[in-house]
Every structure is written in C-alpha cells, then in structure tokens.
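The next block holds one structure in the form of structure tokens; read it before the comments.
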Amino acid sequence: MKNKQKIIIDCDPGIDDALALVLLVKSKLFEIAAVTTVAGNKGVQLTTNNARFILDQLGRFDIPVFSGSGKPIVKRLVTANVQGKFGLGNIKAKKMRLGGNADTKINALLENYPGQITILALGPLTNIATLLLKYPAAEELINNIVIICGALKVT
C-alpha cells in the first residue's frame with residue numbers, strides 16, 4: 001500500500017471542524033501527525049479541549065494535540081455563537097493543559113519530515129502566520145497548505 005500523506009490539522013474545533021476531524025480520521029487516507037488548535041470559533045482553551053475530546057471519542061489517543069495562539073495577531077478575537085456555549089453545542093469537554101506552542105511543534109514536525117507534510121488549515125491562520133514569522137525557513141519545508149475560508153459576518 002502507498003504511503004499515506006502526512007498532515008497537520010490546524011483548527012478551531014466547533015461543530016464544523018469536529019465533522020472535518022471525524023471524516024479525516026475515519027477515512028484512513030492520511031497520517032495525521034498532529035492537530036493544532038487556535039482561537040476562533042471559541043477561545044483556545046475550548047478549541048483545544050474540543051480537539052482532544054473528538055480524537056478521544058474516535059479512539060485516536062495517539063494523535064497529539066498542541067494548543068496555539070489564543071488571539072489574532074492584529075485584531076481582537078471575536079468568537080462564534082452559532083457553535084453553542086462550548087463550541088460543540090452543550091458538550092463540555094475535559095479541560096486540557098495548554099502549551100501555546102503549536103508553531104514550535106509544527107516547525108519540529110516539518111524539520112523531521114521536510115517536504116512531506118501538508119498543513120490543513122481549517123480555522124484562523126494565526127498559528128500559520130506565527131510559524132512563518134518565527135521560523136521563516138519553515139516555508140520551504142511545507143509540502144502544501146490547504147486553507148478553507150470562513151465567514152465574514154457570523155454571530
């Protein structure tokens with residue numbers, strides 16, 4: 001069997017990213033090197049809790065979750081109300097310890113697998129921007145970046 005594409009999923013898990021994580025894991029088409037979280041749909045504490053909760057529900061305790069930026073670089077953080085109080089409706093996931101070092105973890109993975117990792121950016125691009133500002137050489141190590149766009153005005 002062909003080697004699976006290595007991916008890092010950078011996300012802000014609310015309901016939409018939860019579905020994406022389920023589909024990506026269950027497809028078994030990718031080797032998920034890590035899931036990194038960013039503030040977006042909710043604050044980074046909730047998005048990190050949600051990412052770990054989703055992966056645990058799928059039995060994927062082997063996929064590491066690294067928290068990233070808790071706020072945008074330039075603007076103020078505006079979270080979504082449509083995702084429910086905790087981002088996954090009313091599901092309150094167990095609180096995780098935050099490391100806030102997603103950029104460093106992404107860079108380490110890129111250095112270990114140069115040109116082999118695709119970054120799938122499902123949320124705000126703050127972790128990616130921080131990565132490229134802090135580690136400019138990382139740009140040459142990334143196989144691809146796939147970005148989904150969000151919404152302009154959602155409450």
Side-chain angles (χ1 to χ4, degrees), residues 1-70 72 79-80 82-132 135 138-151 154:
M1 183 175 166
K2 184 180 154 188
N3 287 340
K4 294 179 183 180
Q5 171 65 55
K6 287 179 179 42
I7 62 172
I8 295 171
I9 305 166
D10 187 61
C11 56
D12 61 337
I15 296 166
D16 53 345
D17 288 2
L19 180 57
L21 287 169
V22 170
L23 291 172
L24 289 162
V25 168
K26 288 296 193 177
S27 76
K28 299 182 180 173
L29 295 173
F30 304 97
E31 179 184 331
I32 303 170
V35 171
T36 55
T37 60
V38 63
N41 278 319
K42 294 294 177 187
V44 74
Q45 180 68 65
L46 288 177
T47 63
T48 304
N49 298 349
N50 292 347
R52 183 74 269 159
F53 174 80
I54 295 158
L55 293 171
D56 288 356
Q57 294 304 304
L58 296 168
R60 292 304 305 268
F61 308 100
D62 58 314
I63 300 174
V65 175
F66 303 113
S67 65
S69 183
T79 59
V82 297
Q83 306 284 345
K85 183 175 181 180
F86 303 107
L88 295 177
N90 293 324
I91 296 173
K92 185 175 182 183
K94 180 180 163 188
K95 188 174 183 178
M96 279 193 61
R97 186 173 55 93
L98 299 180
N101 58 352
D103 57 339
T104 301
K105 297 295 187 176
I106 294 169
N107 188 64
L109 286 164
L110 293 171
E111 286 180 342
N112 286 338
Y113 302 99
Q116 298 177 48
I117 294 180
T118 292
I119 297 173
L120 179 56
L122 305 179
L125 300 174
T126 315
N127 288 341
I128 307 308
T130 304
L131 166 74
L132 296 174
Y135 305 101
E139 179 182 0
E140 298 299 320
L141 302 174
I142 300 168
N143 180 36
N144 284 302
I145 298 180
V146 177
I147 300 170
I148 67 161
C149 295
V154 174

For the atom pair CD1 (I7) and CG (N144), what is the distance rounded to the nearest 0.5 Å? 12.0 Å

Who pairs with T47 by side-chain hydrogen bond (donor to acceptor under 3.5 Å, both in side chains), at least two apart in sequence or on another chain? none

Closer than 3.5 angstrom, by distance alone: can the side chain of N127 be matched with the main-chain N or O of T37 as a donor-acceptor pair? yes

Listed partners of I147 passing side chain to side chain contact (heavy atoms under 4.5 Å, CB included), at least two apart: A121, L125, I145

Ignoring hydrogens and angles, write down the donor-acceptor pairs under 3.5 Å from the side chains of residues 84-106, residues two or more places apart or on other chains.
from: T104; atom 1: OG1; to: K134; atom 2: NZ; distance (Å): 3.4
from: T104; atom 1: OG1; to: Y135; atom 2: OH; distance (Å): 3.1

Mind checking the OG1-CG spacing from T79 to D12? Nearest 0.5 Å is all I need. 10.5 Å

Taking the side chain as everything from C-beta on, heavy atoms only, tell me whether N41 gets closer than 4.5 Å to D16. yes

Could you tell me which residues satisfy side chain to side chain contact (heavy atoms under 4.5 Å, CB included) with A39, sequence neighbours excluded, listed by chain and number? V44, L77

Could you list the residues that satisfy side chain to side chain contact (heavy atoms under 4.5 Å, CB included) with E139, not counting sequence neighbours? L132

Before you tell me yes or no, could you show the steps for L120 and L24 under side-chain contact (heavy atoms from CB on, under 4.5 Å), namely the whole-Å CA-CA distance, both residues' side-chain angles and the distance that decides it to 0.1 Å? CA-CA 11 Å; L120 179 56; L24 289 162; 3.4 Å; yes

With sequence neighbours excluded, residues passing side-chain hydrogen bond (donor to acceptor under 3.5 Å, both in side chains) with N49: Q45

List for me each residue that meets side chain to side chain contact (heavy atoms under 4.5 Å, CB included) alongside N143, sequence neighbours excluded, and say none if there are none. Q5, T118

d(I63 CD1, I8 CD1) to nearest 0.5 Å is 12.0 Å

How long is the gap from CD1 on I9 to CG on L21, to the nearest 0.5 Å? 5.0 Å

Exam field: side chain K4 to backbone K28, donor-acceptor pair closer than 3.5 Å: yes

According to the salt bridge (charged side-chain N to carboxylate O under 4.0 Å, His left out) rule, which pairs have a member within residues 46-60, sequence neighbours left out? R52-D56, R60-D62

List for me each residue that meets side-chain hydrogen bond (donor to acceptor under 3.5 Å, both in side chains) alongside Q57, sequence neighbours excluded, and say none if there are none. none

Which value, rounded to the nearest 0.5 Å, describes the distance between I32 atom CD1 and L55 atom CG? 7.0 Å

Taking only residues two or more places apart in sequence or in another chain, which ones pass side-chain hydrogen bond (donor to acceptor under 3.5 Å, both in side chains) with N50? none

